[in-house]
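Start at 1 with the first residue, then count along the sequence. Computed over heavy atoms, backbone and side chain alike; hydrogens, waters and symmetry mates excluded.
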Amino acid sequence: MTLHMRLITTSQKALLLTLLLFLLIPASAKRQQPYSSSRIFWDTANRKTLFDNALYARMIELQDGRLMAVTGAGGYIVMSISTDKGVSWSAQERKFSPPANYHYYDADLYQLKDGTIIVCYNIGPNEPYDNVRRYGVRINRSTDNGKTWSADTQIYTAGTDFHTGCWEPAILELPSGELHLYVSDESPFVDNYDQCIQLLRSYDKGKTWTKTPETISYRPGSRDGMPTPVLIGDTIIVTIEDNGWPGETTFVPVTLRSSLSDNWKGITIGPNSPYRTQVIDHNWCPKAYGGAPYMRILPWGETVLSRQAYHESNDYDVMNMYVYVGDENARGFKAMSQPFNDNYDSRISIEWNSISVIDTGIVCALGGVGAKGGTPHVEIVKGYPTRMFKAYRGTPTLDATIGATEYHFRNGSQIKMGNNSIGRLVYSDFCYDDDNLYFAIRVNDNTPYNTSSQLDAVRLLIDADNASDDTPVEGMYNIYFKTSGSYNFWKGENGKWVAHTDTTGTRYRLKVKSSYYIIEAAIPWRVLGKEKAPLGQRMAMAIEVTDRSTSTYKTETMPDAKKDQSWTWMEFRLDDNDASGIANYDNNNTDISFVGNRIILPDGLNAKSIKIYSVNGQLVYSLSDIAGQTGIINLKHGLYIVKCIMSNGRIVSKKIST
């Protein structure tokens with residue numbers, strides 16, 4: 001028996017050793033496909049009021065580059081225009097006035113391919129109600145870019161009281177030129193409080209509309225509402241709020257879908273239809289309840305969804321605005337962010353919000369602030385969808401002072417944070433040279449804590465080897481900068497963060513003032529496991545900002561970034577192209593123009609060089625000694641920045657769309 005056991009043990013020794021080693025290695029460590037979706041970073045420093053005495057506002061970018069926004073205010077439809085991409089706005093102007101004993105509300109707008117602008121909105125009777133005055137939908141058309149407008153034209157009529165009214169009209173143009181107008185409608189349900197989505201059609205650019213509405217969605221016993229239509233490929237997608245979804249307690253965003261060939265003909269999407277789906281990915285996003293969804297499409301195909309919810313407040317009377325990024329089919333929405341700071345302490349609700357995509361993909365959030373509590377008004381914040389951040393070549397002075405031009409982005413503002421729970425405006429940026437990676441961050445904080453027991457802090461996470469793992473492994477680094485002036489430095493090892501024992505050469509400078517603090521650091525490439533600056537290599541990074549209050553800590557991370565999982569961090573690269581200045585293009589210059597896929601130069605003016613960059617700064621095309629015009633070849637559909645060095649020495653940068 002003893003000999004037999006000895007023989008078995010000897011023959012299986014190698015297997016037992018292998019199993020032992022396997023048990024000692026963290027079973028969870030696993031390389032993942034890097035996160036590749038965009039995440040939106042909101043520039044809360046430029047939050048401003050767009051409309052007074054209003055809540056429900058909508059905005060578009062016109063074909064001439066101006067921004068046009070509309071809302072209902074005081075019972076009228078008012079409008080404001082921006083000629084500088086939302087930096088400044090004209091005074092709100094009353095455009096359309098209701099007849100006596102009526103009010104206008106819920107305005108939206110749309111520009112057709114031929115340039116016609118249509119504003120649609122609801123009309124409702126003032127109280128007390130009677131059996132004569134009715135709710136309905138009206139439109140106005142402009143064929144001269146908004147200079148003049150048609151008379152108010154009623155295209156749909158609903159019931160005579162609040163519970164048989166109609167709400168929230170929205171327009172979509174199909175490739176054929178057919179127009180759709182979607183509207184939430186209660187008028188078919190005089191004996192209950194149900195609501196459905198109705199469709200009207202126009203075949204003459206909105207001059208006339210079908211008289212009989214078509215019901216495209218209805219969940220009996222519930223209230224389908226607030227439709228937002230978009231067209232993706234050959235699919236019409238309408239986002240609505242649905243308060244009857246099984247297992248949910250109140251409104252959630254869902255989408256309704258129809259192919260262009262079906263075009264809703266004879267189709268009503270009921271409660272069990274496969275064409276009615278929830279689209280928020282709750283593997284990434286917490287459950288949040290509240291309706292008012294609004295969807296738009298980014299220039300490169302991803303989709304953006306906003307909605308109101310009482311996620312943080314846990315109080316239906318205190319809503320805030322949340323924004324998600326979805327895929328090219330308007331599914332899998334994640335990267336949840338909020339353009340406006342937490343409001344559960346102020347109890348000023350932010351409702352009936354919308355988003356607009358302008359320029360090279362900037363997302364404008366329009367929030368109805370003061371729906372409950374405070375004075376009603378509409379505020380606007382710009383957000384920047386981003387897939388990758390870069391470090392540009394440069395050697396800043398390490399003095400905890402961020403010079404206006406010391407980093408590639410003015411005032412070191414490539415990364416914008418501070419929009420979620422902590423409400424602190426945060427700007428951050430990177431530089432690099434042959435020896436170091438440089439990191440700078442400014443946190444606007446009017447209660448900076450920097451005592452030994454109470455500290456604000458910033459965490460910088462770097463995946464220098466593109467490990468893209470789900471636990472800390474070799475090549476991943478974790479640096480925790482504290483407002484005491486000290487820092488902790490860890491590296492990944494076998495699924496854990498362990499102290500980095502050789503950080504020689506790392507330098508850290510700190511400035512703490514009464515309303516902000518600045519951190520500036522130099523991290524040698526050697527400390528990050530590199531012999532030299534890793535040009536051409538994919539890396540990843542993430543930032544966390546921890547804010548100490550008198551009673552607790554709050555930490556903000558980049559959307560969807562998880563501290564121990566570098567595959568969820570932002571892609572990060574070193575830029576070695578001559579891309580200086582592309583972040584400050586001037587699209588109003590007249591030295592060059594773009595027609596179709598050609599760059600046109602004025603007569604007698606040559607270009608020494610023309611370089612074309614993607615919107616994140618990557619060089620994709622280059623040529624030199626150009627006169628007259630040149631074709632742009634081998635460019636995929638999308639947005640680009642063109643940088644021309646003219647023969648007269650002038651440098652011209654413009655954006656183009658192909």
State, without any angle test, whether [X] and [Y] hold a side-chain donor-acceptor pair at a distance under 3.5 Å.
X      : Y      : answer
Tyr121 : Asn140 : yes
Thr255 : Thr277 : yes
Asp194 : Tyr218 : yes

Tell me the side chain to side chain donor-acceptor pair (under 3.5 Å) pairs involving residues 258-271, sequence neighbours left out? Glu178-Asn263, His180-Asn263, Tyr182-Trp264, Arg201-Asn263, Ser259-Ser261, Ser259-Asp262
Do [Y] and [X] meet the salt-bridge criterion of a basic N to acidic O distance under 4.0 Å?
X      : Y      : answer
Arg307 : Glu241 : no
Arg276 : Asp224 : yes
Arg39  : Asp560 : no
Lys95  : Glu93  : yes

Heavy-atom check, side chain of [X] versus side chain of [Y], under 4.5 Å:
X      : Y      : answer
Tyr294 : Arg58  : yes
Leu305 : Pro293 : yes
Val87  : Asn46  : no
Leu50  : Thr71  : no
Val137 : Asn122 : yes
Tyr275 : Ile267 : no
Ser306 : Tyr322 : no
Gln338 : His311 : no

Main-chain N/O of [Y] paired with [X] side-chain donor or acceptor, under 3.5 Å:
X      : Y      : value
Glu351 : Gln308 : no
Lys113 : Pro175 : yes
Gln198 : Thr215 : yes
Arg141 : Thr116 : no
Thr303 : Asp327 : yes
Glu379 : Gly367 : no

Take Tyr316 and Lys372, measure what side-chain contact (heavy atoms from CB on, under 4.5 Å) needs, and give me the verdict at the end. CA-CA 10 Å; Tyr316 196 86; Lys372 301 179 185 72; 5.6 Å; no
Geometric class of the Tyr135/Trp167 ring pair [parallel <30°, tilted 30-60°, perpendicular >60°]: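 It falls in the tilted class, 30° to 60°.
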Specify whether Tyr310 and Tyr289 have parallel, tilted or perpendicular ring planes, treating 30° as the upper limit for parallel and 60° as the lower limit for perpendicular.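 Tyr310 vs Tyr289 ring planes: tilted.
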Counterpart residues, side-chain hydrogen bond (donor to acceptor under 3.5 Å, both in side chains), relative to Tyr105 (two or more places apart): none
OH on Tyr110 to CD1 on Ile118, rounded to 0.5 Å: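 One finds 9.5 Å between CD1 of Ile118 and OH of Tyr110.
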